[in-house]
2 protein chains.
Amino acid sequence: MHDLETRELRYFVAVAEELHFGRAAARLGIAQPPLSRAIGRLERRLGVRLLDRDRRGATLTDAGRVLLREARTALDVLAAAARRTQRAGDATRPLVLATKAGASYELLHRLLGAVAGEPGAAPIDVLLCEVGEQAGLLRGGRADVAIMHRPVDDLAGFGTEDLHVEGQVALLPAAHPLASRDRLTLAEVSDVPGLPIARWPRLDGSYPDGPGPEVHTQSQLAQLVALGRTLLVIPASSRAWQWPEHVAVPVVDAPQVTTVAAWRPEAHSPQVAALVRAAMGLRGSAARTPPGPVGSVPEGAGNPVAPPG
Amino acid sequence: MHDLETRELRYFVAVAEELHFGRAAARLGIAQPPLSRAIGRLERRLGVRLLDRDRRGATLTDAGRVLLREARTALDVLAAAARRTQRAGDATRPLVLATKAGASYELLHRLLGAVAGEPGAAPIDVLLCEVGEQAGLLRGGRADVAIMHRPVDDLAGFGTEDLHVEGQVALLPAAHPLASRDRLTLAEVSDVPGLPIARWPRLDGSYPDGPGPEVHTQSQLAQLVALGRTLLVIPASSRAWQWPEHVAVPVVDAPQVTTVAAWRPEAHSPQVAALVRAAMGLRGSAARTPPGPVGSVPEGAGNPVAPPG
DNA sequence: ACGGCTGATACCCGCCGGGTATCAGGCCGT
DNA sequence: ACGGCCTGATACCCGGCGGGTATCAGCCGT
């Protein structure tokens with residue numbers, strides 16, 4: 001049996017997303033008849049009906065829904081393959097380091113300094129990401145190394161090197177009653193009247209229930225924090241969010257957060273190795289936040305209430 | 001920029017594997033000139049040299065090695081997409097249940113019986129696998145549900161339902177001095193003079209070091225066990241290997257083995273749900289091997305010395 | 001120097017992807 | 001009820017590209 005052609009997949013995804021041959025054809029920059037023909041041939045080749053044609057457009061069959069998902073991932077894999085090959089072909093290319101926009105600038109700064117002194121290190125492009133974006137960049141071949149956080153980020157399939165372990169603090173307005181405390185617990189912090197915790201979208205894009213505002217970018221969050229409208233639990237070193245009128249109070253039972261360097265093990269080039277080696281050299285040189293009296297939380301104990309800034 | 005075409009990837013993989021345009025063309029069933037042209041165009045499109053042509057054939061560049069790996073996985077993804085779509089299109093298709101050839105026939109038998117009584121269940125095709133083969137079948141869309149074992153198998157990315165927990169026993173000839181013991185430890189069992197533990201290939205195909213014979217199929221192992229040439233540590237219920245002249249002795253500190261039903265969460269059809277529901281109905285109805293005095297071993301504590309039969 | 005191996009080039013043909021024009025059916029508004 | 005109009009399907013033509021054969025060009029070993 002013939003393979004699926006990437007063109008056919010592109011066409012099918014367009015139709016499946018538009019549910020309309022004419023609009024899909026326009027989006028693809030071709031005319032409608034060749035598109036109908038291509039989809040028809042695809043169905044004939046697979047021996048499966050993918051779309052139910054209808055007077056008002058088209059609807060996906062069960063098989064069509066399956067192929068839509070599969071085709072999207074297949075096209076992603078293909079695009080990633082092209083990018084990674086191109087990047088591998090250019091030996092002098094800069095390494096791309098993906099890091100959170102609000103992550104500790106101190107760690108990043110020292111890392112870049114250490115890399116500059118490492119023999120065999122390539123120049124570094126720093127790519128600032130929104131929360132949770134690094135994994136996709138790494139998997140898609142758009143980044144070589146990412147600075148991520150455990151247990152916040154999904155590190156499955158990546159090689160990692162721990163860089164830094166720290167506790168988390170709650171950030172709240174100085175005038176707040178809790179601001180005078182020298183320690184807090186998650187229970188105390190999770191239900192503060194008038195100061196709800198902001199809700200981040202889950203991996204599937206939906207939001208957890210709760211009273212807090214929905215946010216999906218760092219700048220939205222920054223505004224809310226600046227306005228004193230939301231409470232934040234973040235790693236102790238991530239003070240990018242901290243305004244003068246805010247106070248950071250340790251949350252003793254929040255999970256310890258480990259800052260790690262992550263990379264795809266299959267793309268372990270000498271340049272990546274040099275970068276990771278430089279990162280390892282930083283370990284321990286950072287001031288460690290003393291662990292809370294409750295002790296460390298086992299790995300994978302679930303997400304903290306807010307991602308590290 | 002144009003996408004990678006699947007034909008180009010097939011062609012490139014052939015050349016990269018043969019390292020010889022003529023042989024690759026023969027393997028692909030086409031003539032050599034179009035192949036050279038296709039590879040050349042691929043290189044031009046990517047802007048990267050993939051192969052160093054040479055009087056005695058071709059050798060891969062760094063970028064070529066990257067693309068070889070990427071292209072293989074991309075082609076796998078494409079093939080899986082086609083298979084899964086075809087299977088999704090046929091509502092009356094039998095579900096494919098992948099299970100180890102030597103797994104407990106009792107569990108399997110009861111599972112099939114339970115499924116037959118489940119409303120909305122499809123007919124079941126049972127696919128007998130070699131060790132570790134199930135994960136690939138599931139990922140490749142060739143199976144819907146697999147019976148696997150934790151912590152032996154790699155269950156990453158699968159939905160699972162625990163079916164059965166049991167300890168492991170050592171299988172050894174009745175005449176052996178250790179056969180009279182009523183319990184053993186891994187330390188005692190791992191270094192028995194004249195009765196070494198067989199070595200299975202790792203995921204990358206290499207063999208761990210050790211004195212035991214190398215095996216890679218269940219039938220090889222069955223012969224060795226029957227001959228009394230190797231020692232086996234297997235889940236207590238997997239007695240398919242046990243000849244009359246063998247004795248099973250509990251190994252108290254071997255990891256508990258959990259038999260699980262596993263499936264791709266993205267392919268969670270009603271038929272799969274019915275099968276899993278039937279499997280869950282079996283839980284607890286099987287006789288449980290009492291846990292060893294050491295207690296249960298934490299999950300992911302590493303592989304036992306031999307896979308369950 | 002030459003034969004034999006490699007991959008590259010030149011050229012031709014037939015298929016297939018893409019275009020325009022048109023058809024077929026169902027819905028809706030009048 | 002009927003005609004416009006929207007949908008996707010069909011008919012037909014053209015050009016480009018994939019594939020074939022014939023041939024060239026470098027490089028070895030003898």
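Bear in mind the structure is a predicted one, so any value in this text is a computation, not a measurement. Residue numbers start from 1 in every chain, and the chains themselves are labelled A, B, ... in the order their sequence lines are given, proteins ahead of strands.
Atom-to-atom, CD of A:Glu8 to P of C:dG17 comes out at 8 Å; the value is rounded to the nearest Å. Rounded to an integer number of Å, the gap from CG of A:Leu42 to C1' of C:dC16 is 16 Å. Put simply, CG on A:Leu19 is 10 Å from P on D:dG8, counting in whole angstrom units. Atoms CD (A:Glu43) and P (D:dA9) sit 8 Å apart, rounded to a whole Å. Separating the CG atom of B:Asp54 from the P atom of D:dC27 is a distance of 10 Å, rounded to the nearest angstrom. With rounding to whole Å, A:Ile30 atom CD1 is found 11 Å from C:dT20 atom P. Here D:dC17 presents its P atom at 18 Å from CG of B:Leu35, a figure rounded to the nearest Å. For the pair B:Asp52 CG and D:dC27 C1', the interatomic distance rounds to 16 Å; values are reported in whole Å.
Under the 4.5 Å side-chain criterion, counting only non-hydrogen atoms from C-beta, B:Arg84 is in contact with B:Arg264.
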Quiz item: For B:Glu266 and A:Thr73, what are the C-alpha separation, side-chain angles and deciding distance, and is it a side chain to side chain contact (heavy atoms under 4.5 Å, CB included)?
Solution: CA-CA 12 Å; B:Glu266 310 84 38; A:Thr73 78; over 6 Å; no
Quiz item: Does the side chain to side chain contact (heavy atoms under 4.5 Å, CB included) test come out yes or no for B:Val276 and B:Gln271, once each step is laid out?
Solution: CA-CA 9 Å; B:Val276 172; B:Gln271 288 82 9; over 6 Å; no
Quiz item: Taking it one step at a time, do A:Val48 and A:Glu43 satisfy side chain to side chain contact (heavy atoms under 4.5 Å, CB included)?
Solution: CA-CA 5 Å; A:Val48 165; A:Glu43 288 178 321; over 6 Å; no
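Checked against D:dG19, D:dG8, D:dA22, the side chain of B:Pro34 finds its nearest nucleotide in D:dG19. Here the nucleotide nearest the side chain of B:His20, chosen from C:dG7, C:dT20, C:dG18, is C:dG7. Out of C:dT20, C:dA8, D:dG8, the shortest distance to the side chain of B:Gln32 is found at C:dA8.
Dashed line: the shortest gap from a side-chain N or O of B:Arg53 to OP1 or OP2 of C:dT6 is not under 4.0 Å. An OP1 or OP2 oxygen of D:dG18 is reached within less than 4.0 angstrom by no side-chain nitrogen or oxygen of B:Arg37. Look at A:Ser36 and you won't find any side-chain N or O under 4.0 angstrom from OP1 or OP2 of D:dG8.
Counting any heavy atom pair closer than 4.0 Å across all strands shown, B:Arg41 reaches sugar-phosphate atoms only and no base atom. If you check every strand for non-hydrogen atoms under 4.0 Å, A:Gly22 touches sugar and phosphate atoms only.
Between B:Leu50 atom CG and B:Leu60 atom CG the span is 8.5 Å, to the nearest 0.5 Å.
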